[in-house]
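FYI, side chains are in, hydrogens and waters are out, and symmetry mates aren't considered; it's all heavy atoms of this structure. Since the model is a prediction, treat every value here as computed from it, not as a measurement. Heads up: numbering here begins at 1 and tracks the sequence.
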Amino acid sequence: MSATRMMILGLVRWMQPVHGYDVRRELLSWSADKWANVQPGSIYHALRKLAEEGQLREVATEQVGARPARITYEITPKGEDEFQNLLRGLWWNLGEVVDPFLAAFSFLPALPRDEASAALRNRARLLRSGNDSLRAAMESGWMKQGKPTHVAWMWQLSIARAEGEIAWCERIADLVDAGVPYIPEEFTQFPEWNQFGTLIGEGGADAGPERAEPSERVGQAERAEPPETSGESGTNE
């Protein structure tokens, strides 16, 4: 939310006096919904909220026919202070990027190894395709003639981050393919990790590709006959 507030205040500051419609259109032209998590549906609400807080000032309302009224905004001194504080806070502090992929990756053992490896390699392909598109756009006349220099620098950062993730995806896919255990051997001394290793098919005393599921092992134990150590034949089978 702080990034959305900062960007809206900054755009009003730059374009004022400006309609909320033009603020929304400008943000979408920047694709801010993709890289800054600015939700298109939240822009008008944020403008109204900032106005209620005294960060923005409504200077005019324009009604054209049956269309919704367009409110024109300017930034207030209070909004200028808020913009500067948010701007410097985002410049000087490191923010965590929330990626839902990490939530899914935390359950890596729930996927078959071949599927996990294929998904990682597919993620690398998608990231590489995105980088190719960004590089092509950076070389186009649209970028060179119609965008500020720092926009290209932003895209270079996106490319560098994606290249790091591409290398990581391919390296982890290789480890998954190689059968590197998900549970370190020393973890199996703890009951909870031993149980988890059994659940995912790795670790524990019964590890192995042919290992039966726990419920199946119980049934087999109940049905199994004890080995004969002596008998009328005098032989063991």
Side-chain angles (χ1 to χ4, degrees), residues 1-101 126-163 165:
M1 184 58 184
S2 60
T4 299
R5 289 169 63 90
M6 186 274 296
M7 294 192 75
I8 290 176
L9 287 169
L11 277 174
V12 172
R13 180 177 183 268
W14 171 37
M15 302 171 68
Q16 63 183 339
V18 61
H19 293 137
Y21 172 81
D22 291 327
V23 172
R24 183 178 187 276
R25 182 178 61 183
E26 188 69 19
L27 283 169
L28 293 181
S29 75
W30 292 9
S31 298
D33 54 321
K34 296 182 176 63
W35 51 265
N37 198 31
V38 176
Q39 301 303 314
S42 70
I43 295 172
Y44 289 123
H45 172 74
L47 284 164
R48 290 192 296 269
K49 181 71 173 174
L50 288 166
E52 290 172 3
E53 294 174 357
Q55 318 280 1
L56 297 178
R57 176 172 49 246
E58 298 179 5
V59 294
T61 301
E62 179 183 343
Q63 182 78 47
V64 179
R67 295 179 179 179
R70 289 187 175 181
I71 301 174
T72 300
Y73 294 95
E74 289 180 347
I75 196 168
T76 65
K78 183 178 178 181
E80 176 68 23
D81 289 342
E82 176 75 354
F83 169 71
Q84 296 293 341
N85 288 334
L86 291 172
L87 177 67
R88 283 167 172 77
L90 294 173
W91 262 93
W92 287 95
N93 295 305
L94 184 63
E96 292 292 334
V97 178
V98 179
D99 185 349
F101 169 71
L126 294 174
L127 289 166
R128 190 174 286 111
S129 176
N131 274 0
D132 290 343
S133 296
L134 283 178
R135 289 190 178 98
M138 288 172 62
E139 293 300 319
S140 68
W142 172 80
M143 170 61 79
K144 293 180 177 179
Q145 300 174 12
K147 298 294 180 182
T149 302
H150 71 276
V151 173
W153 294 344
M154 289 172 61
W155 287 11
Q156 289 170 6
L157 175 59
S158 295
I159 289 171
R161 286 174 171 171
E163 285 178 343
E165 187 167 349

Heavy-atom pair of closest approach, residues Thr72 and Pro17: CG2-CB, 3.4 Å
Would one find more than 12 heavy atoms of other residues, nucleotides or ligands at under 6.0 Å from atom CZ of Arg161? no
Approximate separation, where rounding is to 0.5 Å, of Leu50 CG and Arg48 CZ: 11.0 Å
Which atom of Leu90 lies closest to which atom of Ala3, heavy atoms considered: CD1-CA, 4.0 Å
Going by heavy atoms in the side chains, are Met138 and Ile159 under 4.5 Å from each other? yes
With a 4.5 Å limit on heavy-atom distance, are the side chains of Trp153 and His150 in contact? yes
State the CZ-CG distance between Arg5 and Leu47, to the nearest 0.5 angstrom. 11.0 Å
Basic-acidic side-chain contact under 4.0 Å: Asp81, Lys78: no
What are the two closest heavy atoms between Leu9 and Gly79, and how far apart are they? CD1-O, 4.0 Å
Closest non-hydrogen contact found for Gly54 with Thr76 is O-OG1, 2.5 Å
Distance col, row Ser129:OG vs Leu134:CG, nearest 0.5 angstrom, shows 10.0 Å
Leu11: which residues meet the side-chain contact (heavy atoms from CB on, under 4.5 Å) condition with it, sequence neighbours left out? Trp14, Met15, Val23, Glu26, Leu27, Trp30
Salt-bridge test for Glu82 and Arg13: reply yes if a basic N is under 4.0 Å from a carboxylate O, no otherwise. no
Tell me, yes or no, whether the heavy-atom count around Tyr44 atom OH, taken from other residues, nucleotides or ligands under 6.0 Å, exceeds 12. yes
Could you pull out the closest heavy-atom pair between Tyr73 and Ala51, with the gap in Å? CE2-CB, 4.1 Å
Once rounded to the nearest 0.5 Å, what's the spacing between atom CH2 of Trp155 and atom CG of Asn131? 12.0 Å
Give me the atom names and distance for the closest heavy-atom approach of Ala46 to Ile8. CB-CD1, 3.4 Å
Given side chains that start at C-beta, do those of Leu56 and Ile75 come closer than 4.5 Å, heavy atoms only? yes
